[in-house]
Number of protein chains: 2
Amino acid sequence: MITAPAPGAAPAVTAVATHDVVPVQPPPRLLMGPGPITAYPSVLSAMSASLVGQFDPYMTDLMRETQELYRAVWSTTNDATLLVDGTARAGIEAALISLIRPGDVVLVPVFGRFGHLLAEIAGRAFAEVHTIEVPWGTVVPFSLIEQAARRLRPTLIAVVDGDTSTTMRQPLDELGAYCRREGILLYTDATASLGGNQFDADAWNVDAATAGLQKCLGGPSGSAPLTLSDRAADLVRGRTRIEAGIRESTDASAPDFIRSNYFDLGMLLEYWGPRRLNHHTEATSMLYAARECARVNLSEGRDAVIRRHRLHGEAMLAGLIGLGLRVFGEPQHKLNNVVAVHIPKDVSGDAVRAALLDDFGIEIGTSFGPLHGRVWRIGTMGFNARREAVMTTLIALEDVLRRLGASVPRGGGSDAADDVYADDEGADS
Amino acid sequence: MITAPAPGAAPAVTAVATHDVVPVQPPPRLLMGPGPITAYPSVLSAMSASLVGQFDPYMTDLMRETQELYRAVWSTTNDATLLVDGTARAGIEAALISLIRPGDVVLVPVFGRFGHLLAEIAGRAFAEVHTIEVPWGTVVPFSLIEQAARRLRPTLIAVVDGDTSTTMRQPLDELGAYCRREGILLYTDATASLGGNQFDADAWNVDAATAGLQKCLGGPSGSAPLTLSDRAADLVRGRTRIEAGIRESTDASAPDFIRSNYFDLGMLLEYWGPRRLNHHTEATSMLYAARECARVNLSEGRDAVIRRHRLHGEAMLAGLIGLGLRVFGEPQHKLNNVVAVHIPKDVSGDAVRAALLDDFGIEIGTSFGPLHGRVWRIGTMGFNARREAVMTTLIALEDVLRRLGASVPRGGGSDAADDVYADDEGADS
């Protein structure tokens, strides 16, 4: 008989009162904030599928297929397309820490909170980081970036594609072409935008891009799609050190190897590639979710989903204007899937959000830093880029604003949104 | 009307043939390898629960409750008990990178692949790493560790609690007491052991421990429970740098701050703590899974679950011996939940594993490095620490061995396992 190790001293901790602990029963919510949003029902179902082993033929096929689906989502032929097991931020760190060598000059155009995050992560990776900051609600003019790049000669420009903190979207195509010409790598964080806005990794010459599932892709947070151009993948592969314990004598061990094991994209490429090098244990249920997000997107049609996000985003925008709210930021740079409006002076922003949640189960958000408590952010993305979600949110917001004492045109939101939908139907017929 | 950004050149990528892509439909598998294993059905169900917002009162309550549940699982009163969003390896890296300052002396007793991993991650964190290696199948005698520690004066000893690669379990109680006396921090990776073997973080004076869900806790990979003693949490807090973009003027920014943003346990403590500092977007579905894993464990009873793992582990061990297989490693140090047996000379290990999978849907594993292709590893953990799983695996293995030409006693596995169960019932009555 095998006996357990000696138990040591009696634990000081008594059992928790487990009779009080019931299975997860979340309240029904219509998540109309900047994300995470209500997931597609089929994505939630996919996560309850039974597990298979990490090297089961079904699993390796599913991983390959998921890579292929995400190539279509990213609009790329990049072989190096995979998922990082973690939230969107894990994807960002994996890309930056794998691409940046200590001392590299990295240029970060900043137009919201997540630009600061890129600068932050690049700094922790020992880059020499330079930022260009513009007022929140605008984007960074290409001429400013070009001017700074000419002076600083960065090896990498890291920029957010769509910054949910301000709802603004940075144009990337001209920048991508410039970076390619100049031999500068271009990384972008497409967490807030991918799936709901045009994104063409190859056509835009993007070298590295990462995202999350919890915005327009309509899934839960916890898996980060990532794609690398061949030249980015070559750089990463040149910095790989296969870990001790499974390293073979033929494996190179680069002197300037990546200083994270978990985020070593060189090892992740070997894990997702034909060698199937053992690294982490893939988060199987999140893989199922990520695959289903892509499948839903591509089944509807990548461009059709973008059009849907644009339509419902426009309806929400029109509805909010119809309620007398003032939109924040430059309209020509707004993301399709989220809008920020100034909180009216005559109500408490938090009281309105609380009433929406308590009385209607609807969540909207505020923002960070200089915008905290100054704007509401309202999203229409993934599963919630749909008419009932938009109309329900608008009439609920109208009701709450009225009850909390704001002056608001009766039906001003739903009428204006309805007009957008009518125009769209007219245009289609 | 808001218009989308200029689409750039037409993408070179055409849509994937989505009509071929069906929703996830994994084949039914009985996962009897070293993990991941078949998840508890209620854990899979929990993941299909609808999402709520990150700062929804339900969410913050659930996070607090999950922390409390994991305190009971870890047998600790540590305030700093939380989940890292990623696989078990993410938890390891978060702990090590947050606890190790560049230049710190770190001692790693190695008795299998995952000891090498700890050394690897510590090295990437710029530690001065020293290892003590013993032959696979044994554990590291305390006297050897003490001797090395006296000579090297490490700030941290990092050791695997149970190394699945060899199925061995390192005793920690004496080591923990020693470390506490000497002011050395003790980190342990309990991925392979937690839930199925005695683990008493407080009684053993463990300063930092991490795990995953995919072994004895009976969930999918993708969330890493972590706990820090107060002194470990103090060290981490002293190295925190709240990130730019949300940093307030009163926030300290330590000069020797943690060089990862995602794994900065100082920020994670603020995220899980009363301040609810915005960091990543919590992987809500994985939180649901992690909470349900703990709930299932504590509802059955922490000690009852350990006893169940011991019983079914003994039955499997006896059954494998009954089939004439030779057990690998020192029996007195074997984990309850996994056993390694030498692959008999007269069969191909891979052919046996393939036949088990193809004919019975049962997965067992081999191992890494020096044991690759030399042993099979067979697990009995979480949901699969149960009689039918053990008995089915034993008769299927018998059948496959016989068909592939090995000499094997008829019913030798199931009879021996049945004897263990009968003894156990006799002991209970």
Side-chain angles (χ1 to χ4, degrees), chain A residues 2 4-5 7-9 11-13 16 18 21 24 26-27 29 36 39 44-53 58 72 75 85-87 89-90 93 113 116 120-121 124 171 173 198 200 202-204 220-222 243-245 259 261-262 280-281 283-286 288 295 298-299 334 363, chain B residues 2 4-5 7-9 11-13 16 18 21 24 26-27 29 36 39 44 46-53 58 72 75 85-87 89-90 93 113 116 120-121 124 171 173 198 200 202-204 220-222 243-245 259 261-262 280-281 283-286 288 295 298-299 331 334 363:
Chain A
I2 304 297
V13 183
V16 86
T18 51
V21 181
V24 173
R29 297 294 195 218
L44 295 181
S45 302
M47 274 186 294
S48 65
S50 58
L51 303 181
V52 297
Y58 182 81
S75 195
D85 282 6
T87 74
R89 179 178 289 240
E93 186 156 323
R113 181 215 165 163
H116 286 297
E120 167 83 20
I121 293 174
R124 293 197 193 215
D173 49 347
Q198 187 92 19
D200 291 309
D202 286 1
W204 294 354
S221 173
E243 70 191 40
R259 302 307 304 210
N261 174 294
Y262 194 70
H280 62 285
T281 296
T284 311
S285 304
M286 288 308 310
Y288 292 170
R295 198 191 68 80
L298 299 170
S299 296
K334 187 190 148 299
E363 180 180 272
Chain B
I2 304 296
V13 183
V16 86
T18 52
V21 182
V24 173
R29 296 292 194 222
L44 294 181
M47 274 186 295
S48 66
S50 59
L51 303 181
V52 297
Y58 182 81
S75 196
D85 283 6
T87 73
R89 178 178 289 239
E93 186 157 323
R113 182 216 165 163
H116 286 297
E120 167 83 20
I121 293 175
R124 293 199 193 215
D173 49 347
Q198 187 93 17
D200 292 308
D202 286 1
W204 293 355
S221 173
E243 71 190 41
R259 302 308 304 211
N261 174 295
Y262 194 68
H280 63 284
T281 296
T284 311
S285 304
M286 288 307 309
Y288 292 169
R295 198 191 68 80
L298 299 170
S299 295
K334 187 190 147 299
E363 181 181 272

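Chain letters run A, B, ... following the sequence lines, proteins first, then strands; residues in each count from 1.
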OG-CE distance between A:S285 and B:M286, expressed to the nearest 0.5 angstrom: 6.0 Å
Top contributor to chain B interface from A:G222, A:A39, A:S50 [non-hydrogen pairs under 4.5 Å]: A:S50
A:S48 (side chain) donor-acceptor with A:S45 (main chain) under 3.5 angstrom: yes
B:A90, B:P220, B:G86: which one forms the most heavy-atom pairs within less than 4.5 Å of chain A? B:A90
Rounded to the nearest 0.5 Å, what's the gap from NE2 on A:H280 to OG on B:S221? Could you check? 7.0 Å
Answer with side chain, backbone, both or neither: which region of A:E93 has an atom nearer than 4.5 Å to a non-hydrogen atom of chain B? side chain
Among the listed options B:P26, B:A46, B:G53, B:A49, the residue most often paired with chain A at heavy-atom distances under 4.5 Å: B:P26
To the nearest 0.5 Å, what is the distance between CG (B:D200) and CG (B:D173)? 9.0 Å
What part of B:E243 gets closer than 4.5 Å to chain A, counting heavy atoms only: side chain, backbone, both or neither? both
B:T284 portion near chain A, given a 4.5 angstrom heavy-atom threshold: backbone
Greatest number of heavy atom pairs closer than 4.5 Å to chain A - which of B:R113, B:H116, B:R89: B:R89
Mind checking the CZ-OH spacing from B:R295 to B:Y288? Nearest 0.5 Å is all I need. 14.5 Å
Does any heavy atom of chain A fall under 4.5 Å from the side chain of B:E363, the backbone, both, or neither of them? side chain
Output the distance between atom OH (A:Y262) and atom CG (A:D85), rounded to the nearest 0.5 Å. 4.5 Å
